[in-house]
Number of protein chains: 2
Amino acid sequence: MTRDALLVQSVEKALRVLQAFDGGNRFLGLTEIAARCGVDKSAAQRFAHTLHLAGYLEKCPETRRYGLGKRLLEVTYNYLRSNPLIEAATPALIELRRFSGQHIKLSLFDDTSVIYAIRQQSEREYFAASLVGRRVPTFCAAGGRAILAELEPARAADIVARSDLAPLTPKTLVDPNLLLEEIAAVRRQGYAVAAEQVLLGEVVIGAAVIDAGGSPVAAVHIAGSLAEWTPEEYARKFAGPAIETAQALSRATVKRIREAS
Amino acid sequence: MTRDALLVQSVEKALRVLQAFDGGNRFLGLTEIAARCGVDKSAAQRFAHTLHLAGYLEKCPETRRYGLGKRLLEVTYNYLRSNPLIEAATPALIELRRFSGQHIKLSLFDDTSVIYAIRQQSEREYFAASLVGRRVPTFCAAGGRAILAELEPARAADIVARSDLAPLTPKTLVDPNLLLEEIAAVRRQGYAVAAEQVLLGEVVIGAAVIDAGGSPVAAVHIAGSLAEWTPEEYARKFAGPAIETAQALSRATVKRIREAS
DNA sequence: CAAATCCGTATCGCCATGCAATACGCTATC
DNA sequence: GATAGCGTATTGCATGGCGATACGGATTTG
């Protein structure tokens with residue numbers, strides 16, 4: 001192994017410490033951090049201390065254990081603010097929610113998963129699980145499938161092949177061949193419909209946002225409840241608006257980049 | 001200067017690199033990063049490279065410059081998910097928005113500033129400035145003043161004294177003595193009303209959320225437009241709901257902590 | 001069109017810096 | 001009151017990060 005001369009190993013380990021706080025762990029002690037990150041207790045102590053000074057970790061005064069710090073919200077703020085797609089999408093998604101009354105999300109494409117970057121929940125909000133920053137496998141999210149359909153088939157197949165095809169619900173489609181067929185169907189019709197692929201009782205329409213270079217970068221999601229709609233009805237009613245919004249954002253992205261250059 | 005033996009300096013510098021992307025800078029080159037962080041170009045190169053490998057920075061292929069990466073959204077997700085106050089607050093704020101039709105926010109107390117952690121925007125208006133993670137000076141945010149009013153007067157005065165009293169709008173109250181009087185008034189009435197203190201045309205009600213130890217940790221904000229309401233009308237209508245929600249969250253926090261122990 | 005400038009990239013020898021082992025003090029548990 | 005386990009603090013050693021430097025390409029300038 002020829003190690004990367006530019007990689008700063010201490011930084012990498014410190015970031016691993018930050019990532020140890022996944023899965024909803026509120027507080028971790030030094031020993032737990034060390035175990036989770038595969039470093040010894042001394043290292044955990046130094047990194048946690050450093051992250052604490054920077055405000056990225058907070059320390060519970062009684063238990064002396066560490067938890068994530070609110071300063072983390074700041075970097076996400078900077079990210080959201082610096083991203084022109086987010087800026088353009090926010091009003092468009094508000095409009096879409098107002099028009100549809102449904103739960104609206106924008107997800108960003110990140111290889112085998114997509115990440116929710118904006119959400120506009122419906123009045124009735126059944127689904128609390130879609131906080132900003134949530135990662136969902138690309139292969140099963142409606143928006144993810146819409147994105148895969150915009151890639152060259154070989155790349156889409158590669159992503160499916162590299163995905164962990166663990167079902168999120170009993171209904172999640174996990175057979176690679178069926179998935180590729182479904183993606184082909186999405187490619188033909190221009191949008192994806194996914195019923196109970198991520199959450200039971202939920203139906204989602206997904207439409208891809210394309211960047212200036214023609215690659216999909218994000219997806220618009222419209223989500224509702226199967227208690228009120230059949231997937232077919234839902235698609236008839238909301239596929240149009242989803243596609244329209246996604247196309248408007250694709251144009252907005254192109255325009256932005258032109259203006260910047 | 002007796003330097004902290006537990007502080008890992010490389011990590012601290014790497015975090016400075018992340019923080020260099022504030023103020024809505026989309027992309028920064030190595031030279032700019034180096035200048036902003038007060039490190040030399042070699043260091044900027046190594047840290048940017050390391051953060052890039054971890055997914056916290058992305059690289060624009062053409063310009064070879066760096067921007068914040070979407071993986072940052074993930075740590076915020078972990079933070080939001082691990083915080084019981086956020087969990088309890090989300091449904092309460094949705095309910096509050098449904099009831100009031102106004103723009104609702106939850107801010108977290110962080111010394112001289114507060115950070116928006118949840119927002120529920122109203123149907124009509126859209127204040128782009130209140131993204132999650134936005135930091136606003138405690139002294140001028142309605143919720144910030146509600147929080148200051150719950151502290152011992154000496155601590156509140158200390159925070160005001162250490163604050164950068166730069167006005168955010170022409171109407172922002174910046175005289176320390178007047179601020180302390182205003183905080184005393186807030187203490188008496190149990191909520192804060194702030195008109196055009198952060199944003200022109202905006203009126204905000206703030207009420208503090210108290211933790212199990214009796215200290216304020218967060219605040220509920222209800223925000224609306226001065227085009228529709230006078231501050232007095234707004235307070236008459238929404239101070240009650242704001243206080244109620246804040247108290248419910250205070251109780252929820254106490255309950256949570258009891259359950260955990 | 002050539003020269004100059006500035007950028008991102010890659011390399012390398014030195015030594016400060018982070019490493020890991022260890023010892024300490026505290027608190028909870030039995 | 002003994003034990004176990006935690007977070008904290010210290011220290012000598014060697015390694016990993018430092019920063020100067022050199023390279024190639026792109027863009028700007030005269």
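Labels below follow one simple rule: chain letters A, B, ... track the order of the sequence lines, proteins then strands, and each chain is numbered from 1. Because the structure is a prediction, the values reported are computed rather than measured.
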In whole angstroms, how far is the [atom2] atom of [N] from the [atom1] atom of [X]?
X: Leu6(A); N: dT21(D); atom1: CG; atom2: C1'; answer: 15 Å
X: His49(A); N: dT8(D); atom1: NE2; atom2: P; answer: 10 Å
X: Gln9(B); N: dA16(C); atom1: CD; atom2: P; answer: 12 Å
X: Phe27(B); N: dG8(C); atom1: CZ; atom2: P; answer: 13 Å
X: Leu7(B); N: dT8(D); atom1: CG; atom2: C1'; answer: 16 Å
X: Phe47(A); N: dA20(C); atom1: CZ; atom2: P; answer: 9 Å
X: Leu30(A); N: dT27(C); atom1: CG; atom2: P; answer: 17 Å
X: Glu62(A); N: dT27(C); atom1: CD; atom2: P; answer: 13 Å

query = When only distance counts, do a donor and an acceptor, one from the side chain of Lys41(B) and one from the base of dG19(D), lie under 3.5 Å apart?
reply = no
Consider the side chain of [X], meaning its heavy atoms from C-beta on, and name the nucleotide among [options] that approaches it most closely.
X: Tyr66(B); options: dT8(D), dT9(C), dG16(D); answer: dT9(C)
X: Lys59(B); options: dT9(C), dG18(C), dG7(D); answer: dT9(C)
X: Arg64(A); options: dG16(D), dT9(C), dG7(D); answer: dG7(D)

message = Return whichever of Ala43(B) or Leu28(A) has its heavy-atom-nearest nucleotide of DNA chain D closer to the 5' end.
response = Leu28(A)
message = For Gln45(A) and Asp40(B), find the nucleotide of DNA chain D closest to each by heavy atoms; which residue's nucleotide sits nearer the 5' end?
response = Gln45(A)
remark   = Correct closest heavy-atom pair for Ile159(B) and Ser163(B) would be O-OG, 2.7 Å
Distance test, side-chain N/O of [X] to OP1/OP2 of [N], below 4.0 Å:
X: Lys13(B); N: dT17(C); result: no
X: Ser10(B); N: dT17(C); result: no
X: Thr31(A); N: dG7(D); result: yes

task = Taking the side chain as every heavy atom from C-beta outward, state whether Tyr77(A) and Leu131(B) have any atom pair closer than 4.5 Å.
result = yes
inquiry  = With heavy-atom distances below 4.5 Å as the criterion, would you say the side chains of Glu12(A) and Leu53(B) are in contact?
reply    = no
query = So, Ser113(B) versus Arg135(B): side-chain donor-acceptor pair below 3.5 Å or not?
reply = yes
message = Checking the side chain of Arg145(B) only, and the main-chain atoms of Phe139(B) only, is there a donor and an acceptor separated by less than 3.5 Å?
response = yes
query = What does Ser42(B) touch in the nucleic acid at a heavy-atom separation under 4.0 angstrom: a base, only the sugar-phosphate, or nothing?
reply = base
